[in-house]
Trainee: 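This is the structure, below, for whatever I ask next.
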Amino acid sequence: PRIPSAVAALTSLKSISFPELNEAASKILQESRSPLAKVEIGFWTDQTIGPGDPAPLLFRFAHSLRELRVTYAEFSRQDVLYPQLDTLVIDDCRFALARPIIACFPNTRDLSLWTGQEDEDLEVEEIEEHRQTNIQAQETVRWECIQHLRGDIRSLYLLGLTCRVEHLDVHSAFLTSIRSDQLSTLLSDGRPSMLSIRIRVPIFDRAVVQRALRPVRDSLTRLIVYINFFEETDLEAQDQANSFIVSPRISQPHDCLP
């Protein structure tokens, strides 16, 4: 019972991680005397009714926090500013709202987002409505540039960032026609000079990939392709993937790594 108070009394902690935000973890965060620079929190517990908002919870570290990693979170509050934070990792955040995230963390440069909805059957209208909400929100509050943006294609498409992205890193499953179109939109909006993409085989269509890359074919300077072969992948699919790696047909200079 005395451990939470003892940890909270420490003054030199820089990083702390709570996979589960239980009563002891909450006490430490509420009473901590350390200027924490990195915090990792999982809001899911057996008693959890819904996701938690990290912005008001961590207000004691508003001027020291540089990196935040959260799981099962939602963002609604916009009145707590974290000016030093530059790395934000969000996992399992359904329909992430751009306005409160940008308002609370205005100097984010490294952003990772997974909404946990990539494999869900969402209606097209639902996806587009949420995306447009986020795009409109950035008319009043926005980032100027994100250096590194990671996530699955659907999550990043829903977020709808309109700022420049230097390095886009997409972690999706099979690159279907719909995902290809969404990726093309992300490339058109972010105009990255570097793209990392993970593709699963045997479902590999070179034409789909080339069509997705069309918006940046004249500006992309570095392309990293990760291809995941399965045991049942046939030789024809492997040959198609290898052919794409050998001759990606994008403008020079380029790097293409398997």
Side-chain angles (χ1 to χ4, degrees), residues 16-22 25-26 29-30 36-45 47-118 120 122 126-163 165 168-169 171 186 189-190:
I16 201 162
S17 176
F18 295 118
E20 200 176 278
L21 190 65
N22 54 27
S26 297
L29 291 174
Q30 293 169 6
L36 294 175
K38 178 181 177 180
V39 173
E40 183 174 355
I41 303 176
F43 284 97
W44 174 259
T45 66
Q47 294 78 37
T48 298
I49 297 176
D53 189 344
L57 175 68
L58 303 174
F59 74 95
R60 297 173 64 88
F61 320 110
H63 294 284
S64 62
L65 198 61
R66 294 182 175 275
E67 180 176 339
L68 175 61
R69 297 174 177 268
V70 292
T71 302
Y72 195 52
E74 68 175 0
F75 296 84
S76 56
R77 291 278 294 273
Q78 305 178 40
D79 56 346
V80 185
L81 182 66
Y82 292 80
Q84 303 298 323
L85 190 137
D86 58 21
T87 300
L88 181 59
V89 180
I90 306 169
D91 191 12
D92 196 5
C93 177
R94 292 178 59 84
F95 295 118
L97 294 174
R99 185 188 297 277
I101 295 175
I102 298 174
C104 290
F105 312 105
N107 296 314
T108 299
R109 293 295 175 264
D110 190 321
L111 175 65
S112 301
L113 174 66
W114 286 270
T115 62
Q117 295 172 289
E118 186 182 23
E120 292 187 10
L122 298 179
E126 189 177 15
I127 293 174
E128 293 300 329
E129 180 180 355
H130 183 79
R131 174 177 165 81
Q132 288 304 315
T133 296
N134 281 338
I135 290 176
Q136 292 172 8
Q138 293 170 80
E139 295 176 0
T140 55
V141 56
R142 67 191 301 268
W143 287 312
E144 293 300 323
C145 178
I146 293 292
Q147 293 177 354
H148 199 158
L149 179 62
R150 302 177 191 83
D152 63 86
I153 292 175
R154 175 178 284 183
S155 296
L156 299 182
Y157 185 79
L158 284 167
L159 187 60
L161 293 186
T162 58
C163 65
V165 175
L168 179 62
D169 193 347
H171 303 234
L186 293 177
D189 291 343

Trainee: Within this structure, what is the OG1-CG distance for the pair Thr115 and Asp91, rounded to the nearest 0.5 Å?
Mentor: 9.5 Å
Trainee: Just so I know, are the side chains of Val70 and Val39 near enough to count as touching, which here means a heavy-atom distance under 4.5 Å?
Mentor: no
Trainee: Tell me whether Arg154 is salt-bridged to Asp152, with the criterion being a basic N under 4.0 Å from an acidic carboxylate O.
Mentor: no
Trainee: Between OG of Ser155 and CZ of Phe95, what distance do you get to the nearest 0.5 Å?
Mentor: 10.0 Å
Trainee: According to the interplanar angle, ranging from 0 to 90°, do the rings of His171 and Trp114 count as parallel (below 30°), tilted (30 to 60°) or perpendicular (above 60°)?
Mentor: perpendicular
Trainee: Kindly indicate whether the side chain of Leu88, heavy atoms from C-beta on, has any atom under 4.5 Å from the side chain of Ile101.
Mentor: yes
Trainee: Are the side chain of Trp143 and the backbone N or O of Thr162 linked by a donor-acceptor pair below 3.5 Å?
Mentor: no
Trainee: Please determine whether the number of non-hydrogen atoms from other residues, nucleotides or ligands lying under 6.0 Å from atom CZ of Arg142 exceeds 12.
Mentor: yes
Trainee: Roughly how far, to the nearest 0.5 Å, is the CD1 atom of Ile90 from the OG1 atom of Thr71?
Mentor: 10.5 Å
Trainee: How many angstroms lie between atom CZ of Phe61 and atom CD of Gln84, to the nearest 0.5 angstrom?
Mentor: 15.0 Å
Trainee: Tyr82 versus Pro106: any side-chain heavy-atom pair under 4.5 Å?
Mentor: no
Trainee: Using modelled atom types only, decide if a donor and an acceptor are shared between the side chain of Asn107 and the backbone of Pro83 within a distance under 3.5 Å.
Mentor: yes
Trainee: Please tell me if the side chains of Leu21 and Leu57 come closer than 4.5 Å, counting only heavy atoms from C-beta onward.
Mentor: yes
Trainee: Using the side-chain contact (heavy atoms from CB on, under 4.5 Å) rule, take Phe105 and Leu81 through it: C-alpha gap first, then chi angles, then the decisive distance, then the call.
Mentor: CA-CA 6 Å; Phe105 312 105; Leu81 182 66; over 6 Å; no
Trainee: Considering non-hydrogen atoms only, spot the tightest contact between Ala55 and Cys104 and give its length.
Mentor: CB-SG, 3.9 Å
Trainee: Looking only at heavy atoms, which two atoms of Val80 and Pro56 are closest? And how far apart?
Mentor: CG2-CA, 4.3 Å
Trainee: Any chance you could lay out the side-chain hydrogen bond (donor to acceptor under 3.5 Å, both in side chains) test for Arg69 and Ser17, step after step, and finish with the verdict?
Mentor: CA-CA 9 Å; Arg69 297 174 177 268; Ser17 176; over 6 Å; no
Trainee: With no hydrogens and no angle check, is any side-chain donor or acceptor of Asp86 less than 3.5 Å from a backbone partner on Thr108?
Mentor: no
Trainee: Is the side chain of His148 donor-acceptor paired with the backbone N or O of Thr87 at a distance under 3.5 Å, no angle test?
Mentor: no
Trainee: Determine the minimum heavy-atom distance between Asp53 and Phe43, stating which atoms define it.
Mentor: C-CZ, 4.1 Å
Trainee: Are any of the side-chain heavy atoms of Ile146 and Cys163 separated by less than 4.5 Å?
Mentor: yes
Trainee: Out of curiosity, Trp44 CH2 to Tyr72 OH, how far, rounded to the nearest 0.5 Å?
Mentor: 5.5 Å
Trainee: Kindly state each residue pair satisfying salt bridge (charged side-chain N to carboxylate O under 4.0 Å, His left out) with at least one member in residues 126-135, sequence neighbours excluded.
Mentor: Arg131-Asp189
Trainee: Is the closest side-chain heavy-atom distance between Asn134 and Arg99 below 4.5 Å?
Mentor: no
Trainee: Is there a donor-acceptor pair under 3.5 Å between the side chain of Glu139 and the backbone N or O of Ile135?
Mentor: no
Trainee: Do Arg150 and Asp110 meet the salt-bridge criterion of a basic N to acidic O distance under 4.0 Å?
Mentor: yes
Trainee: Go through the steps to decide whether Arg66 and Leu85 satisfy the test side-chain contact (heavy atoms from CB on, under 4.5 Å), and finish with yes or no.
Mentor: CA-CA 4 Å; Arg66 294 182 175 275; Leu85 190 137; 5.8 Å; no
Trainee: Taking Gln78 for its side chain and Ile102 for its backbone only, find out whether a donor-acceptor pair lies under 3.5 Å.
Mentor: no
Trainee: Find the distance between CG (Leu97) and CG (Leu159) and round it off to the nearest 0.5 Å.
Mentor: 9.5 Å
Trainee: Could you tell me whether Lys38 and Glu40 make a salt bridge, using a distance below 4.0 angstrom between a side-chain N and a carboxylate O?
Mentor: no
Trainee: So Val89 and Leu111, do their side chains get closer than 4.5 Å, heavy atoms only?
Mentor: no
Trainee: For Ala73 and Pro54, which heavy atoms make the closest approach, and how far apart are they?
Mentor: CB-CD, 4.3 Å
Trainee: Are Leu161 and Gln138 packed together at the side-chain level, in the sense that at least one heavy-atom pair is separated by less than 4.5 angstrom?
Mentor: yes
